[in-house]
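Reading through the structure tokens given below for one structure.
Counting begins at 1 with the first residue of the sequence.
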Amino acid sequence: MCASLSPQPAPSAAPAAPPPATIGPVADLFSSYVAASAISAAVELGLFDTLADGGTCRADDLRRGGEPVSPWVARALLNALAWAGIVELHTSDPALLVRPGPRFADAYELRGYFYWLVRGNGEVFTYAADLAPDRDEVTYHRDMRAVALSSRLMGNGEVEPLFDRVLAGLEFTRVADLGCGSGGRLVRIMKRNPGVTGVGIDLAPASVELAGQVIAAEGLADRLSVRQGDVHRLTPADDLSDVDVVTCVFMGHDFWPRESCVRVLTNLRIAFPNLRTMLLCDVVRSEDTPGPDTPIFRLGFEAAHALMHTYLPTEAEWGEAFAEAGWTPRAAHHTTAPPGGVLFELVPVAPARAASADVARAATETLSAAR
């Protein structure tokens with residue numbers, strides 16, 4: 001019997017093998033870590049500013065303190081940025097022409113967050129497992145100069161313009177910036193208010209040095225001074241006696257836990273006897289569960305401070321501390337950059353020279369702690 005000549009059904013295709021775990025969303029987290037490091041390096045190497053100003057550069061133009069960057073290192077960093085869509089590499093050019101990629105504008109706007117994460121706090125995450133127990137036995141390094149610069153980059157888009165608008169509605173003659181960092185805020189306030197003088201206070205010697213350089217370069221040394229000091233333990237001094245406005249940005253969480261925060265806030269009314277307004281801006285702890293809409297910075301900020309065993313208060317907890325320490329919130333301005341930021345306008349309930357027993361007690365406690 002002859003075999004049938006009618007068409008036979010084609011054999012069914014074997015089911016497609018699932019993609020290997022080495023490719024996909026989880027695998028991308030690995031490359032994202034490298035890209036984040038490349039963004040941080042690009043900030044210091046001047047690549048981002050060059051692309052933002054001129055639109056192109058060549059790989060062999062990259063410099064670090066005047067020294068040319070190794071071509072192998074340059075290519076590795078640029079490959080990571082190209083993978084993330086931040087730059088485009090034109091390999092037909094012998095010198096490797098670099099142009100902004102489709103995600104460059106966003107990366108440039110957010111560069112301060114990456115610099116904060118990698119350069120400023122990289123070791124905190126490196127030693128996450130060692131820091132997990134509730135004890136202070138692990139030594140790690142935070143680059144406070146990088147933290148100061150990154151804080152300025154993060155605040156330039158929304159926080160600093162907000163400060164300018166609030167300050168424009170106030171009458172003041174002398175301002176103090178607590179945790180002044182690079183001094184950029186004080187410099188801007190001086191330029192916008194010609195008759196005003198100011199003083200910056202920061203605990204980190206690197207930040208004090210940087211602020212001094214910035215102030216000198218701007219020709220404002222006759223109106224601005226900067227000194228090292230612990231905001232937790234300020235005492236009355238000649239350069240603080242005439243301050244009528246205090247600003248404090250991105251460091252208020254260091255006042256906590258609550259008992260310490262109340263003591264510091266109360267003591268500020270003593271250290272600044274003529275203070276009329278304090279503008280305190282900080283990122284508050286979110287009480288929402290992270291999800292697809294979680295913005296940049298939140299996870300990093302909260303995790304880093306958890307690892308450093310630094311308590312982050314919610315907005316409601318700040319309100320309770322203000323009330324207990326003798327401050328009345330005049331307004332609270334919320335920011336989207338950084339996400340979770342709140343600028344509190346605070347008015348002292350009473351001048352320190354008319355202080356009640358609780359204020360005097362706080363001064364005694366603060367001085368005892370300093371000793």
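Taking CG of D239 as the reference point, atom CD1 of I201 lies at 6.5 Å (rounded to 0.5 Å). Annotation: the span from T235 atom OG1 to L240 atom CG amounts to 8.0 Å, rounded to 0.5 Å. I23 contributes atom CD1, which lies 9.5 Å from atom CG of D28 (distance to the nearest 0.5 angstrom). Rounded to the nearest 0.5 Å, atoms CG (D222) and CE (M190) are 10.5 Å apart. We find the CD-CG distance between E171 and N193 to be 11.5 Å, quoted to the nearest 0.5 Å. Here the CE atom belonging to M251 is positioned 11.0 Å from the OG atom belonging to S151, to the nearest 0.5 angstrom.
Looking only at distances, a side-chain donor or acceptor of R223 sits under 3.5 Å from a matching main-chain atom of P194. Listed for the E123 side chain is a donor-acceptor partner under 3.5 Å among the backbone atoms of H141. In this structure, the side chain of D202 does not engage the main chain of Q228 through any donor-acceptor pair within 3.5 Å. Although no hydrogens or angles enter the test, the distance criterion places no donor-acceptor pair under 3.5 Å between the side chain of T336 and the main chain of P339. Counting only distance, with no hydrogens or angles, the side chain of W327 and the backbone of L265 share a donor-acceptor pair below 3.5 Å.
Note on R233 versus D230: salt bridge recorded, some NZ/NE/NH1/NH2 to OD/OE distance being below 4.0 Å. Salt-bridge check for R258 with E317: failed, with every basic side-chain N at 4.0 Å or more from each acidic carboxylate O. Note on R188 versus D164: salt bridge recorded, some NZ/NE/NH1/NH2 to OD/OE distance being below 4.0 Å. In summary, R285 and E302 do not engage in a salt bridge, as defined by a charged side-chain N under 4.0 Å from a carboxylate O. Comment: D242 does not engage R174 in a salt bridge, judged by the lack of any side-chain N to carboxylate O separation of less than 4.0 angstrom.
Within the 4.5 Å cutoff, the side chain of L131 has no heavy atoms near those of the M308 side chain. Contact annotation: the side chain of L149 approaches that of Y115 to within less than 4.5 Å [non-hydrogen atoms, C-beta and beyond]. Counting heavy atoms from C-beta on, the side chains of V342 and C281 never come closer than 4.5 Å. At least one side-chain heavy atom of L89 sits less than 4.5 Å from a side-chain heavy atom of L96. Side-chain contact between R142 and V124 is present, with at least one heavy-atom pair separated by less than 4.5 Å. Between R298 and D288 the shortest side-chain heavy-atom distance falls below 4.5 Å. Looking only at side-chain heavy atoms (C-beta outward), R63 and P68 come within less than 4.5 Å of each other. Using a 4.5 Å heavy-atom threshold, the side chains of C261 and F322 count as separate.
What you find for L299 and P290 is that their closest heavy atoms are CD2-CG, 3.9 Å. A pairwise comparison of heavy atoms in E88 and G101 identifies CG-CA, 3.8 Å as the closest pair. Shortest non-hydrogen contact noted between H334 and A332 is ND1-O, 3.8 Å. Between L81 and A35, the shortest heavy-atom distance links the atoms CD2-O, 4.3 Å. Residues T173 and D244 share a closest heavy-atom pair of N-OD2, 3.0 Å. The shortest non-hydrogen separation linking A27 to A21 is CB-O, 3.6 Å.
Note on V34 and I39: separate hydrophobic clusters, where clusters join Ile, Leu, Val, Met, Phe, Trp and Tyr whose side-chain heavy atoms are under 4.5 Å apart, directly or indirectly. No continuous path of ILVMFWY side-chain contacts below 4.5 Å connects V264 to V249, so the two sit in separate hydrophobic clusters. Placement of V175 and L268 in two distinct hydrophobic clusters is found when ILVMFWY residues are connected by side-chain heavy-atom separations under 4.5 Å, directly or transitively. Residues F344 and F272 fall within the same hydrophobic cluster, defined by Ile, Leu, Val, Met, Phe, Trp and Tyr side chains chained together at heavy-atom separations under 4.5 Å. Put simply, Y33 and V118 are part of two different groups of oily side chains (I, L, V, M, F, W, Y) that touch within less than 4.5 Å, one to the next.
Around atom CZ of R103, no more than 12 heavy atoms belonging to other residues, nucleotides or ligands sit under 6.0 Å away.
No hydrogens or angles considered: nothing links the side chains of R119 and S40 as a donor-acceptor pair under 3.5 Å. Using modelled atom types, one finds no donor on one side chain facing an acceptor on the other under 3.5 Å when comparing E345 with T277. Side-chain contact of R263 with N267: a donor-acceptor pair under 3.5 Å is absent, judged by distance alone.
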- Would L279 and V246 count as a side-chain contact (heavy atoms from CB on, under 4.5 Å) if you check the C-alpha gap in whole Å, the side-chain angles of each, and the deciding distance to 0.1 Å? CA-CA 6 Å; L279 303 178; V246 162; over 6 Å; no
*asked:* Would T310 and D254 count as a side-chain contact (heavy atoms from CB on, under 4.5 Å) here? Give the steps.
replied: CA-CA 7 Å; T310 299; D254 291 329; 4.1 Å; yes
Kindly determine whether V159 and F163 satisfy side-chain contact (heavy atoms from CB on, under 4.5 Å), including the steps that lead there. CA-CA 6 Å; V159 170; F163 263 89; 3.8 Å; yes
Show, in sequence, the C-alpha distance, side-chain angles and deciding distance for N121 and V147, and conclude whether the side-chain contact (heavy atoms from CB on, under 4.5 Å) test is met. CA-CA 8 Å; N121 294 280; V147 170; 4.2 Å; yes
task = Go through R145 and E209 one step at a time and tell me if the salt bridge (charged side-chain N to carboxylate O under 4.0 Å, His left out) criterion holds.
result = CA-CA 9 Å; R145 182 185 177 95; E209 180 183 3; 5.5 Å; no
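Below 30°, between 30° and 60°, or above 60°: for F104 and F48 the angle between ring planes is above 60°, a perpendicular geometry.
Ring to ring, Y140 and Y127 are not that close: their centroids are 6.0 angstrom or more apart. In this structure, the ring of W116 has its center less than 6.0 angstrom from the ring center of F297.
R276 forms no cation-pi arrangement with F172, by the criterion of a distance under 6.0 Å to the ring centre and an angle within 45° of the ring axis.
Partner of H253 under the ring-ring contact (aromatic ring centres under 6.0 Å, His included) criterion, chosen from F301, Y311, W318: F301.
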